[in-house]
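Reading through the C-alpha cells given below for one structure.
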Amino acid sequence: MLRFTLLKHYYTVSKIALILLFSAAFLIPSGKIFSQYQSRQKGTQKDLTLFDTKIDHIISEMSLEEKIAMLHGNGLFSSAGIKRLGIPEMKYTDGPFGIREEMEKNSWNSMKLTTDSATFFPTGSALAATWNTNLAYLLGTALGEEAKTRGKDILLGPAVNITRIPTGGRTFEYMSEDPLLNARLAVGYIKGVQDRGVAACVKHFALNNQETNRGRVNVIVDERTMREIYLSAFEAAVKEANVFAVMAAYNKIGGSWCSENENLLNQILKKEWGFKGLVVSDWGGTHSSVKAAMGGLDVEMGTLRAAFFGQSLLDSVKAGLVPIEVINDKVKRILRVRFSVKPVSESKPAGIVATPEHGEIAYRVASQSIVLLKNTDHLLPVDLIKVRKIAVIGDNAIHKMASGGFGAGVKTRYEITPLEGLKNKIGKKASLKFAQGYKPSFSQNRQLGGRRMLNRQIDSTLLKEAIGLARKSDIVFIFAGTNREYETESTDRSDFKLPYGQDELISAVATVNPRTVVVLVAASPLDLNNALNCSSAMLMSWFNGSEGGNAIADVLLGNVNPSGKLPFTFPASLADSPAFYLGTFPGDNNVEYKEGSLVGYRWFDTKKVKPLFPFGFGISYTEFSYNGLKTDKIKYNSDENIQISVVLENTGKRKGDEVVQLYVHRLNSKIEWPDKELKGFSRVSLNPGESKKITMTLPISQLRYWDTKIHDWRLEGGTIQIMIGSSSSDIRVVKSIDI
Ligand code: BGC
C-alpha cells in the first residue's frame with residue numbers, strides 16, 4: 001500500500017514538473033525550449049499530444065518553406081528539423097530484425113563503417129513461432145536500445161502484414177496468418193521499442209500481402225475481411241501500443257494508393273482510431289502532391305529530390321490547392337514525435353551495440369521459436385553417449401542469414417551458424433563431419449533479359465560426398481531450406497518447393513541412413529511432403545538471428561526442449577491454399593481477395609482440407625494433457641469477460657513449455673464465420689509430472705464482427721464453443737457458453 005502511495009506521488013510530481021516545464025516554455029525562446037526539454041526526457045513521452053500547445057506556438061513561428069522542408073526526406077533515411085529553432089532532424093532506420101548498416105545520405109551505398117554492426121535478431125516469422133508476447137517486448141527493447149545507440153529516432157518495424165500466400169517474399173519479415181497472434185506480438189514489440197526512447201513505425205499499412213506487382217496492384221477486399229483480418233494488428237498497434245509512426249504501403253486499395261488513401265489514412269487511422277503520430281510513405285511509394293497531402297500522408301520518403309512533398313507541394317499550397325491547416329497538421333504530427341523521442345546528440349560517442357545481453361535476448365527468441373515437426377521413436381534429442389559420429393549435411397549449416405536478397409539486412413557483429421553451434425555445444429564429445437550437399441545457386445537466363453533463375457539441379461559431386469558421409473555416420477542432420485537470396489523483398493517465390501535439388505539430396509541421404517533429421521532453416525511455408533516421408537525427425541528453425549546456431553544445437557542435443565508453434569499453415573500442396581485454389585494470386589492490376597476472411601487455417605478448417613502441418617502445430621520432447629475446462633458462467637452479457645480455466649499437466653519425463661491455444665467456434669450463427677478462430681493463447685512452463693491451472697480472459701467484445709450495414713462492430717448473440725488445444729487441429733477440451 002505504502003509502495004503504491006509513493007509511486008502515485010512520484011507520478012503526480014513528475015506530471016506537475018512536466019506541466020510546469022511546458023508552461024514555462026512560453027517565456028523561453030522556442031530554440032531553447034527544445035534543448036531544455038531533451039535533457040529531462042527518458043524513454044518516449046507516452047502521450048503524444050502533451051506538448052500540443054507548445055507545438056502550435058512553434059508552428060505559428062515557422063515559414064511555409066520551413067514547414068514544407070520537414071515533410072520529405074532530406075536524405076534516404078532522414079527528414080529535416082528546424083535549425084533556426086534548434087529542432088534536430090529525424091533519423092529513420094530499418095528494420096524489423098536489426099539496425100541496418102549506415103548508408104550514404106543520398107544513396108543506397110554502404111558507408112563501409114566499422115562501427116555500425118548490430119545484433120541480428122530472429123526475423124518476424126521466428127518471433128511469431130514463440131507465441132511469447134513478453135519476448136516480443138524484450139526483443140523490442142533490445143532493438144530500441146541499438147537504434148538509440150546508433151542515433152536513430154524511428155525504427156521501421158514491426159512488419160505486420162498477414163501471411164496470405166505461402167510463397168510471399170517477405171513472409172520472413174512478417175509474423176503470421178492470424179490477426180490475433182500478429183496483434184499481440186506487435187503490441188509487445190512496439191511497447192519495447194518505444195520504452196527505450198525510439199519511435200516504432202508499424203508497416204506496411206495496409207494489405208501489402210504480396211510482392212508481385214506491389215508497386216501497382218490494387219487490392220479488392222470486402223470491408224469485413226479488411227477489418228477483421230488485415231487491419232487488426234495495425235489497430236492494436238495504434239490503440240493499445242500507442243505506436244508513433246505508421247508506414248503507408250506500396251499498393252492500392254479500392255483504386256487508391258495507400259499513400260493517398262483518404263479512407264485508410266484520414267478516416268480509419270486518424271479519425272476513427274485516433275492516431276496522433278505521423279504517416280510516412282514506403283520508400284518511393286508516394287505518387288502525388290495534392291492527393292497525398294489531402295489523403296493523409298505526412299512525410300514522403302525514399303524519393304530523392306522530394307518529388308511530391310517538396311517544391312511541388314509548396315506550389316500547390318501557394319495555389320490554394322492544399323489548405324495551410326493541412327500542412328500545419330502534418331508538421332504538428334512530426335513535431336509530436338520529435339518532442340516525444342529524445343534525439344541523440346551528434347557529438348555523443350557511440351555506445352555499445354550488440355551487447356551480450358542483446359545476444360541473450362536473440363538466443364531466447366531463437367530457442368523458443370524452433371518447432372519440432374516430427375520425432376519418430378524419440379530419435380531426438382541426440383544422446384551423445386550412444387551417438388559417436390554425426391554427419392552435418394547441407395549448405396544451410398554454414399549459410400548466414402543476416403543479409404542477402406533485396407531490402408533490409410543487418411551487418412551483424414556475429415552470427416553463429418548451425419555448424420558452429422553444434423561444434424560449440426558438442427566439443428570433443430562426438431565426431432562432427434560436414435558435407436555441403438547442395439549449392440544455393442542461380443543462373444542468368446539470357447532469353448528472359450538476364451533474369452536470375454533458380455537452379456533446381458543438384459550438384460552430383462556434392463551429392464556423392466554427402467551420401468558417403470551419411471553412410472558412415474550414426475546420425476545425420478541435414479540443414480535444408482531456403483536463404484535470404486531466395487526469400488526476399490520485392491519478389492515472391494514461384495513455388496514453395498525446396499530449392500537447389502534438396503529433395504533429391506534428402507531422399508538419397510535418408511536411403512543410406514534412416515536416422516536422418518531434417519532441420520529447415522527457412523522462414524515461410526515449404527512443400528515438405530518428401531522431406532517428411534524420408535526423415536525420421538524434422539524441425540523448423542527459421543532465420544534465427546545471431547544466436548540461431550547455438551539455439552538449434554541446444555534443441556538437437558536436448559539442452560532445450562522445443563516449444564515453438566507454427567505461426568502459419570503448411571499446406572500439403574500449393575493448390576490447396578485459398579488464393580491459389582481460387583486463382584486470385586497474383587492478379588495483375590487488380591487482386592481480389594475472393595477467399596474473404598478464410599485466410600490460412602480459417603480456410604483449411606472451414607473447407608475441411610487437410611494441411612501437411614496445421615497452424616499452431618509443434619510437438620515437444622515431453623507430452624501434455626488438458627483437463628477440467630471451466631468458464632466462470634454459462635451466459636454472458638456484451639460488456640462481460642469470459643474467465644476460462646483449464647488444467648495443463650506435463651505427463652512426460654522432461655521439463656517443457658506448451659502454448660495453450662484458445663479458439664472459438666460458433667453454433668447456429670446466422671452470419672458466416674470461419675470454422676474456428678484463435679482468441680487467446682498462453683505459454684506455460686511445466687516440470688515433469690507438474691500440473692497447473694491456466695486462466696485466460698476472453699472479453700465478449702472480442703467476439704464481435706464487422707457489420708458492413710452499420711460500418712461498425714456488432715455482437716451477435718448465440719452459443720459459442722470455447723475450444724482449448726495444442727494446435728488449430730488438435731483441440732483437447734470444449735465447452736459451450738451463451739451470449
Ligand atoms: C520497404 C520498407 C523499408 C524501406 C526502407 C522499402 O522497400 O518496403 O519496409 O522500410 O524500403 O528501406
Side-chain angles (χ1 to χ4, degrees), residues 72-79 90-111 116 118 121 123-125 143 146-147 150 152-163 168-175 182 186 189-190 193 198-217 219 233-234 237 243-252 257-259 278-287 297-304 307 402-411 484 487-492 523 543:
H72 56 82
N74 63 357
L76 260 183
F77 283 92
S78 57
S79 57
M90 198 85 89
K91 294 188 171 126
Y92 297 73
T93 180
D94 275 310
F97 53 91
I99 310 306
R100 193 171 184 161
E101 74 179 300
E102 295 298 327
M103 274 151 305
E104 290 169 2
K105 188 146 177 131
N106 288 309
S107 87
W108 294 94
N109 294 336
S110 159
M111 283 181 77
D116 59 349
F121 291 97
T123 68
S125 49
L143 278 166
E146 296 202 6
R150 290 265 304 278
K152 310 299 179 191
D153 303 303
I154 301 187
L155 175 90
L156 302 173
V160 300
N161 297 84
I162 290 281
T163 309
R170 298 188 88 170
T171 306
F172 75 99
E173 280 186 275
Y174 298 153
M175 297 200 213
N182 219 5
Y189 179 120
I190 293 164
V193 171
V198 171
C201 177
V202 68
K203 64 189 188 183
H204 308 86
F205 192 56
L207 292 135
N208 182 184
N209 309 101
Q210 64 186 57
E211 293 301 283
T212 313
N213 307 336
R214 69 175 182 184
R216 67 179 155 94
V217 76
V219 178
F234 292 101
V243 73
F244 285 3
V246 173
M247 185 189 290
Y250 282 129
N251 50 289
K252 293 180 189 171
W257 299 107
C258 288
S259 57
L278 65 87
V279 177
V280 59
S281 71
D282 200 340
W283 268 231
T286 312
H287 300 271
L297 183 72
D298 300 315
V299 187
E300 173 193 11
M301 286 301 284
T303 0
L304 294 177
S403 56
F406 181 87
V410 183
K411 183 161 121 193
R484 290 287 310 284
E487 289 194 48
T488 174
E489 183 182 331
S490 100
T491 34
D492 297 312
F543 294 159

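We count ligands from 1, going down the list as the structure has it; atoms in each ligand are counted the same way.
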> Going through the checks in order, is the salt bridge (charged side-chain N to carboxylate O under 4.0 Å, His left out) test met by Glu101 and Arg150?
Replying inline: CA-CA 10 Å; Glu101 74 179 300; Arg150 290 265 304 278; over 6 Å; no
> Any idea which heavy atoms bring Arg214 and Gln210 closest together, and the distance?
Replying inline: CB-O, 3.6 Å
>> Once ring-ring contact (aromatic ring centres under 6.0 Å, His included) is applied, do any residues pair with Tyr250, and if so which ones, sequence neighbours excluded?
In response: none
>> Working note: Phe77 + Asp94, criterion side chain to side chain contact (heavy atoms under 4.5 Å, CB included); need CA distance, chi angles, decisive distance, verdict.
In response: CA-CA 9 Å; Phe77 283 92; Asp94 275 310; 3.7 Å; yes
>> Test your reading of the model: is there a side-chain donor-acceptor pair from Ser125 to the backbone of Ala523, 3.5 Å cut-off?
In response: yes
> Is Asp282 salt-bridged to Lys203, cutoff N-O under 4.0 Å?
Replying inline: no
>> With a 4.0 Å heavy-atom cut-off, what residues sit around ligand 1?
In response: Phe77, Asp94, Arg100, Trp108, Leu156, Arg170, Lys203, His204, Arg214, Met247, Tyr250, Asp282, Trp283, Glu489
